[in-house]
Chemist: 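One structure follows; several queries about it will come next.
Predicted model, so just to flag it, every value in this text is computed and none were measured. Chain letters run A, B, ... following the sequence lines, proteins first, then strands; residues in each count from 1.
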Number of protein chains: 2
Amino acid sequence: MKKYSIKDIANLSGVSVATVSRVINDNGRFSEATRKKVLATINETGYQTNFSAKNLRMNKSFSIGILVPDISNYFFAKLVQTIEEILFNHGYSTVICNTARNADKELAYLKMLESKGIDGLIVISGPKAFDIKQLPAAKNLPFICIDRQPSDQHGTVFIASNHYQGAFEATEALINNGCQHPVIALHQQISSSGIERRNGFIDALKKNNIFFNPEHNQVTIETDHILTTLQAFLKDHPETDGIFAINDTIGIEALTTLLKMGKAVPEDIKLIGFDDDPQDRHSFPTLSSVRQNVDQLAEVSVKNLLNMITHEASPESSIIIPVSLVLRESSR
Amino acid sequence: MKKYSIKDIANLSGVSVATVSRVINDNGRFSEATRKKVLATINETGYQTNFSAKNLRMNKSFSIGILVPDISNYFFAKLVQTIEEILFNHGYSTVICNTARNADKELAYLKMLESKGIDGLIVISGPKAFDIKQLPAAKNLPFICIDRQPSDQHGTVFIASNHYQGAFEATEALINNGCQHPVIALHQQISSSGIERRNGFIDALKKNNIFFNPEHNQVTIETDHILTTLQAFLKDHPETDGIFAINDTIGIEALTTLLKMGKAVPEDIKLIGFDDDPQDRHSFPTLSSVRQNVDQLAEVSVKNLLNMITHEASPESSIIIPVSLVLRESSR
DNA sequence: ACAAAATTGATAAACGATTAACAAAGTTGG
DNA sequence: CCAACTTTGTTAATCGTTTATCAATTTTGT
C-alpha cells in the first residue's frame, strides 16, 4: 500500500499541487471540471492528507490536550469521553493526559503538549500547585479550566457545575424529609468544588435555622478507616439523622458502613451523595445524589475553547452550569 | 513569548542548525565545548523541538492511537490509564478514541489516526464488524489487539486475560462453598471474552459432575429488566443457590435485586462477579469477583507494540495473562 | 473587435526539523 | 614534512503541505 502525496494526486490528475490543495480545502480557485477530476483520483488512490506537513505549514495541529487528574474516576471519564466526542466531530483529536494530581507530571505533560503544537488545552480540576497561565508553554495557548479556578482570571475561561446549589438543595431535601441534625461527610483535603459544596451545606442549614457547628455537623472521613471514624462519630452524636456525603465514593462507603452498623437507611439516617455515579442506582437502598450536567459541561467547554482558537467570538469568562438533585430511596 | 526554532538556537550559539540537531539528538559529531554552548542557549531560550517538523522529516509521530469501546467503563478506563502512563514514560503520547462499539466511528477514527501518522495502534475489545488488518490504513501499521481476536492471526499480536481460568475458578469456588445449582448470568450479546468466561463456567460444572443445561444453569439478563428477569428465573428454578455473573455490572445488579426479593446473600444464594470493580468493595455484602491484571496487560501490550515499532524484537503472537479470584462476603 | 476584468492554474517559497555529502582543521606516524 | 586519518562543523536537499505571486486564458463591456 503506497502512501500517496498531494504531488502524486496532482500528477495523476494532470494539474498542479496548488490546485489539488485548493480542491481539498475548497477555496474556490478552480473550475468544476478540475474539481471532479481531482476528487476522482483522490477517491481512487485513497489519498489522505499528511497532518504533520499540514500542521507544520499552518502552525495548527487540530489536536487538543486534556489534563485530567484521574480518568478511572467515573465523573472524569464521562466528562472526557463527552468532550472527546464533540471535539472529534469538530475535526479535532484529543490527547489525554492523566496527571494523577501530580504537579510534576502536569508540567511534563504541558511541555510535551507544547512540543506537539496543540491548538488548545482543557484543564480539568487537578492540583493547585501552580498556575497554568504562568507557564511559558501556555502563554499563547487558548485554554479553559473546568472546576479549577485560575488564579489570574484575566482572559481565561472558568467553567464549573453549581456545586453550591447542588449541596444546598441536597441538604434542604434532607431537612424537608425530617432531618433535624444533618451532617456533612468529607475528606481531609478538599478541592475548590468541595469548598463550594460545603458552603452550600452550611447555608442550607442557616436558612433552616440550624446552627452549623463543625463539631456536630461535620465528620471528616479518612479513607480505609471509614468504619471506625463513622462509628465513633455516631457514638458521640447519636442525634445524627441525615448525612450529606460530599461525593458518591464517600456516600456509598457511608451507606454500607451504616448498614454494617445495623442502622436503617433511610429510616434511621437519611443519606445523599454527590456526582450520581452509576453505582448509586444499584446500591441497596439506592442512593440519592446530585447529578452534574456532563453534556452541558462538555458542550460549553468545547464551544468556548474553539471560539478562543478561531477568535470567532470572545469567550465568556466564568460559566456556572446548574446541577440536578436525583432523589432515590436513601433519602425518603 | 517567542517561539524559538532550531535556526535561532544555531545563530545564538554560533553554530549551524545541523550541529544543534546533533547535540539535541546526541549523535556524536560535535565537541564537548559546542555541546555545552548549545545546551546553554537551549536552556536560556526554553527551546522546544517542533514535533510537526520532526514528524514530517522522520515519518514518525511519537504518538499511539488507542481504540477503546467505552472509557467510562472502569476496567477500560483503568487499562487505558495504565497504558497511557507507560507510553508517556517511553516518550509517546496517546490519542484516545472512544468508539462506543460503533464500527463506523471506528473506521472514522482509523482514518484520522492514519492522517496523523501514528506510529502504532492498540485496539481494545470492540465490535467485530470488520477486521482491522484488512483496512488500508492499517496495512503497514504496527498494532496489537487486547481482548479482540484478529481474524488473520498472522503477524498480529493478541493479548488477553485468561477469562476461561477466572470463570472456572469462580465457579469452582461457588461449588466448593456448597452450591449444587450454579447459574451463569449474562447478557444477550456476548463478546469473545464473554464466550471464554462462559466456557470456563461450563467446564467447571463438568469437572464437578454437574450437567450444564442452558435451561437451568443460565439466565439471560436484559438490562433495565433485571428484576423481572431474575424473579421469573428464580421462580422457575428455586433450587438455584449460586450465581456467577459474567461481569460486575450484572453482579451488582443481581446482588441488589436478590436483596430486594428478600433473598440473603450469601446464605440463600452465593454470588461472584467479574472485573473487580471498585464498587465491589463497597456493596453490602461485598461482592466476590475475578480481577484482571491490568498492570501486566498494559505492560505486555506496550512492550510488544514498541518492539514492533522499533523491530528490536519480534513480537509474540498470542499472550494470555492470568487472573486472580478475589473472594469477599457474597460467596462465603 | 479590443481593452479591461475575471477566472483558472502554475511556480516557487515557506514551515522546522534531519542527515547525506562534503570541507576544513587538527592529529598522527614514518 | 607530508600523507593519511580523525574530528568537527557546514551546506543543502528533503519530508508534504499551503499560499502569495504571477501568467495564461476566458469572459465581459462598449
Chemist: Starting from P on D:dT8, measure out to NZ on B:Lys36 and report it in whole angstrom.
Modeler: 14 Å

Chemist: Can you list everything that forms a side chain to side chain contact (heavy atoms under 4.5 Å, CB included) with A:Thr82? Sequence neighbours excluded, please.
Modeler: A:Ile86, A:Val294, A:Asp295, A:Ala298

Chemist: If only atom types and distance count, is the side chain of B:Ser193 paired as donor or acceptor with the main-chain N or O of B:Asp147 below 3.5 Å?
Modeler: no

Chemist: What is the distance, to the nearest angstrom, from the CG atom on B:Asn59 to the C1' atom on D:dT17?
Modeler: 14 Å

Chemist: Sorted by first residue and then second, give each salt bridge (charged side-chain N to carboxylate O under 4.0 Å, His left out) pair with at least one member in residues 30-51 of chain A; sequence neighbours left out.
Modeler: A:Glu32-A:Arg35

Chemist: Which residue pairs pass the salt bridge (charged side-chain N to carboxylate O under 4.0 Å, His left out) test when at least one of the two sits in residues 115-126 of chain B, sequence neighbours left out?
Modeler: B:Lys60-B:Asp119

Chemist: Output the rounded distance in Å from CZ (A:Phe30) to P (C:dG9).
Modeler: 9 Å

Chemist: Does A:Ser52 make a side-chain N or O approach to OP1 or OP2 of D:dC15 shorter than 4.0 Å?
Modeler: no

Chemist: A:Asp8 CG to D:dC15 P: how many Å, rounded?
Modeler: 11 Å

Chemist: Considering only residues two or more places apart or on different chains, which pairs with a residue in residues 85-97 of chain B satisfy salt bridge (charged side-chain N to carboxylate O under 4.0 Å, His left out)?
Modeler: A:Lys105-B:Glu85

Chemist: Are any of A:Ser5's side-chain N or O atoms less than 4.0 Å away from OP1 or OP2 of D:dG16?
Modeler: no

Chemist: Give each stem of DNA chain D as a range with a range, requiring at least 3 consecutive Watson-Crick or G-U wobble pairs whose two distances are under 3.5 Å.
Modeler: C:1-30 with D:1-30

Chemist: Between atom NZ in A:Lys7 and atom P in C:dA12, what is the gap in whole Å?
Modeler: 12 Å

Chemist: Take atom CG of A:Leu56 and atom P of C:dT18, then tell me their distance rounded to the nearest Å.
Modeler: 12 Å

Chemist: Do the side-chain N and O atoms of B:Asn98 and A:Glu84 include a donor-acceptor pair separated by under 3.5 angstrom?
Modeler: no

Chemist: Compare side-chain N and O positions of B:Ser16 against OP1 and OP2 of D:dT11 and report whether any pair is under 4.0 Å apart.
Modeler: no

Chemist: Nearest whole Å is fine: how far is D:dG16 C1' from B:Asn55 CG?
Modeler: 12 Å

Chemist: Please identify each residue that fulfils side chain to side chain contact (heavy atoms under 4.5 Å, CB included) with A:Asn50, with sequence neighbours left out.
Modeler: A:Ser52, A:Ala53, B:Leu56

Chemist: Using whole Å, what does the distance between atom C1' of nucleotide D:dT17 and atom CG of B:Asn50 come to?
Modeler: 14 Å

Chemist: Go through the structure and list residues passing side chain to side chain contact (heavy atoms under 4.5 Å, CB included) with A:Ser161, not counting sequence neighbours.
Modeler: A:His163, A:Gln292, A:Leu297, A:Val323

Chemist: What residues, two or more places apart in sequence or in another chain, satisfy side chain to side chain contact (heavy atoms under 4.5 Å, CB included) together with A:Ile24?
Modeler: A:Ile6, A:Val20, A:Ile42, A:Tyr47

Chemist: If you restrict it to nitrogen or oxygen atoms, what contacts under 3.5 Å exist between nucleotides 18-23 of chain D and the protein, and what is each distance?
Modeler:
unit_1: D:dT18; atom_1: OP1; unit_2: A:Asn25; atom_2: ND2; d: 3.1
unit_1: D:dT18; atom_1: OP2; unit_2: A:Ser21; atom_2: OG; d: 2.6
unit_1: D:dT18; atom_1: O2; unit_2: A:Arg57; atom_2: NH1; d: 2.1

